[in-house]
Number of protein chains: 2
Amino acid sequence: MAFHKKEEFTQKEQDLAAFAKAMAHPARIAILKVLAQRNECVCGEIVDTLPLAQSTVSQHLKELKTAGLITGTIDGPRSCYCINWKAFSTFNNEFNFLFANLKIKNEKACC
Amino acid sequence: MAFHKKEEFTQKEQDLAAFAKAMAHPARIAILKVLAQRNECVCGEIVDTLPLAQSTVSQHLKELKTAGLITGTIDGPRSCYCINWKAFSTFNNEFNFLFANLKIKNEKACC
DNA sequence: TAATATAATCGTATATTTGCGATATAAGAT
DNA sequence: ATCTTATATCGCAAATATACGATTATATTA
């Protein structure tokens, strides 16, 4: 009886949470940073910058890809990853919307 | 040997990840939304708006509080929760910093 | 003081995440 | 065809997260 009740929330709540979850690990933040720094698509160089095994990094990349934060295409013998700019922007807007509400109403903390 | 290697990342990466993690559940997004809507501090009314048991909600509130996203004070027999505006703002800046880097460099996707 | 109401905490079960080594896959080089 | 290089995937172990009911703590009310 200890189940995931996530379906009981609105789609927007679930989407925001899923996006946040994709960023909820320092390794994945670091990956996004690397992808942001090097404009051209990076592949296994990511592995070199992280204190993790290749298989673990590959898994994190997969999670980011599944969540839609990055795209990945096979480029010959190697793989090429990039930020999914559009999805990232959508999330940022969504987040700012929530944030804007807070700003208007809660500028002065109440407790 | 399946250990948390989180310490091996920078403090900023860890902080950003921790903040994202706090929002990485629809219930916690929903809680933030409720706190944003009602300007005055809300207590157990949160429980009524969620499809979860009281103890579970209390746990989510604790996580949000530990992560610094909300503050909570005991107000007589009930508890009063509020958005931690300052921390929220700090996170937003941090996030926008990462995001800004992306915006400048990656406006056109490469793959 | 006893009863009630609100909310936190404990104990527990289950599910998910994190991480690694080993293995598979696929393309390029020899 | 075989070797090498780059990545993805599988299988496993350990750690965390999610959820709930039961219990506890605290303050107000009767």
Side-chain angles (χ1 to χ4, degrees), chain A residues 1-9 13-14 17-31 34-35 41-67 69-82 111, chain B residues 1-9 13-14 17-31 34-35 41-67 69-82 111:
Chain A
M1 288 83 177
F3 277 109
H4 41 328
K5 286 213 165 181
K6 295 183 181 172
E7 317 80 38
E8 309 221 13
F9 295 91
E13 283 163 354
Q14 291 183 54
F19 227 96
K21 190 181 217 166
M23 301 205 302
H25 194 287
R28 295 196 286 272
I29 296 284
I31 289 172
V34 172
L35 288 180
C41 308
V42 191
C43 37
E45 304 165 42
I46 300 168
V47 175
D48 298 335
T49 66
L50 298 181
L52 297 171
Q54 176 265 321
S55 59
T56 307
V57 174
S58 192
Q59 223 172 291
H60 280 303
L61 284 167
K62 190 182 180 183
E63 277 175 79
L64 285 169
K65 195 176 174 184
T66 303
L69 273 167
I70 63 175
T71 58
T73 49
I74 298 163
D75 177 26
R78 53 202 80 199
S79 281
C80 166
Y81 286 101
C82 278
C111 66
Chain B
M1 283 90 173
F3 277 110
H4 41 327
K5 285 211 163 181
K6 296 185 181 172
E7 318 78 41
E8 309 220 14
F9 295 90
E13 284 163 352
Q14 291 183 54
F19 227 98
K21 191 179 217 165
M23 300 205 301
H25 195 288
R28 295 196 287 273
I29 297 282
I31 289 172
V34 171
L35 288 180
C41 306
V42 192
C43 35
E45 304 165 42
I46 300 169
V47 176
D48 297 334
T49 67
L50 299 180
L52 297 171
Q54 177 265 321
S55 59
T56 307
V57 174
S58 193
Q59 223 171 291
H60 281 303
L61 284 166
K62 190 182 180 182
E63 276 174 80
L64 285 170
K65 195 176 175 183
T66 303
L69 273 167
I70 64 175
T71 58
T73 50
I74 297 163
D75 177 26
R78 52 201 82 200
S79 282
C80 166
Y81 286 101
C82 279
C111 66

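A note on names: the letters A, B, ... follow the listed sequences, proteins ahead of strands, and every chain is numbered from 1.
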Quiz item: Are A/Tyr81 and D/dA8 close enough that a side-chain N or O sits under 4.0 Å from OP1 or OP2?
Solution: yes

Practice problem: Whole angstrom is fine here: how far is it from NE2 in A/His25 over to C1' in D/dT16? | Solution: 11 Å

Practice problem: Assess whether side chain to side chain contact (heavy atoms under 4.5 Å, CB included) is satisfied between A/Ile46 and A/Leu35, documenting all intermediate values. | Solution: CA-CA 8 Å; A/Ile46 300 168; A/Leu35 288 180; 4.1 Å; yes

Quiz prompt | Along DNA chain C (nearest heavy atom to each residue), the more 5'-positioned of A/Ala53 and A/Ile74 | solution = A/Ala53

Quiz prompt | Expected output: side-chain B/Glu63 to main-chain B/Ala22 donor-acceptor under 3.5 Å | solution = no

Quiz prompt | Spacing between A/Glu8 atom CD and D/dC20 atom C1', to the nearest angstrom | solution = 14 Å

Quiz item: Between atom CG in B/Leu50 and atom P in D/dA19, what is the gap in whole Å?
Solution: 10 Å

Exercise. Would you name the heavy atoms of B/Leu52 and B/His60 that are closest together and state the gap between them?
Key: CD1-CD2, 4.0 Å

Practice problem: Check for a donor-acceptor pair, side chain of B/Arg28 on one end and backbone N or O of B/Lys21 on the other, with a separation under 3.5 Å. | Solution: yes

Practice problem: For A/Ser79 and for A/Phe9, find the nucleotide of DNA chain D with the closest heavy atom, then tell me which residue's nucleotide is more 5'. | Solution: A/Ser79

Exercise. Describe, in one word, how the ring planes of A/Phe9 and B/His25 are oriented to each other, choosing from parallel (under 30°), tilted (30 to 60°) and perpendicular (over 60°).
Key: perpendicular

Quiz item: Looking at A/His60, does any N or O in its side chain come under 4.0 Å of the phosphate oxygens OP1/OP2 on C/dG19?
Solution: yes

Quiz item: Of all the choices, D/dA8, C/dC20, C/dA8, which nucleotide is nearest to the side chain of B/Ser58 once you look at every atom?
Solution: C/dA8

Self-check item: Check: B/Thr66 side chain, B/Lys62 main-chain N or O, donor-acceptor pair, under 3.5 Å
Solution: yes

Exercise. Spell out yes or no: do the side chain of B/Gln59 and the base of C/dC10 have one donor N/O and one acceptor N/O closer than 3.5 Å?
Key: no

Practice problem: Rounded off to whole Å, could you give me the CE-to-C1' distance for the B/Met23 and D/dA17 pair? | Solution: 18 Å

Self-check item: Length of the CG-C1' vector between B/Leu52 and C/dA8, whole Å
Solution: 16 Å

Quiz item: Closest to the B/Ser55 side chain: D/dT7, C/dG19, D/dA22?
Solution: D/dA22

Exercise. Quantify the bending of the helix from C/dT1-D/dA30 to C/dA27-D/dT4 as the angle between its end axes, each fitted on five pairs, to 10°.
Key: 20°

Quiz prompt | Whole-Å distance separating the CG atom of A/Leu64 from the P atom of D/dT7 | solution = 16 Å

Quiz item: Please give, in whole Å, the distance from C/dA5 P to B/Asp48 CG?
Solution: 14 Å

Practice problem: Indicate the atoms forming the closest heavy-atom contact of A/Leu69 with A/Met23, along with that distance. | Solution: CD1-CG, 3.9 Å

Practice problem: Identify, between B/Pro51 and A/Lys62, the residue whose nearest nucleotide on DNA chain D lies closer to the 5' end. | Solution: A/Lys62

Quiz item: When only distance counts, do a donor and an acceptor, one from the side chain of A/Gln54 and one from the base of D/dA8, lie under 3.5 Å apart?
Solution: yes

Quiz item: Rounded to the nearest 0.5 Å, how far apart are SG of B/Cys43 and CG of B/Leu61?
Solution: 10.5 Å

Self-check item: Any A/Arg78 side-chain nitrogen or oxygen under 4.0 Å from OP1 or OP2 of C/dA26
Solution: no

Exercise. Measure the distance from NZ on B/Lys21 to P on C/dT17 and round it to the nearest whole Å.
Key: 11 Å

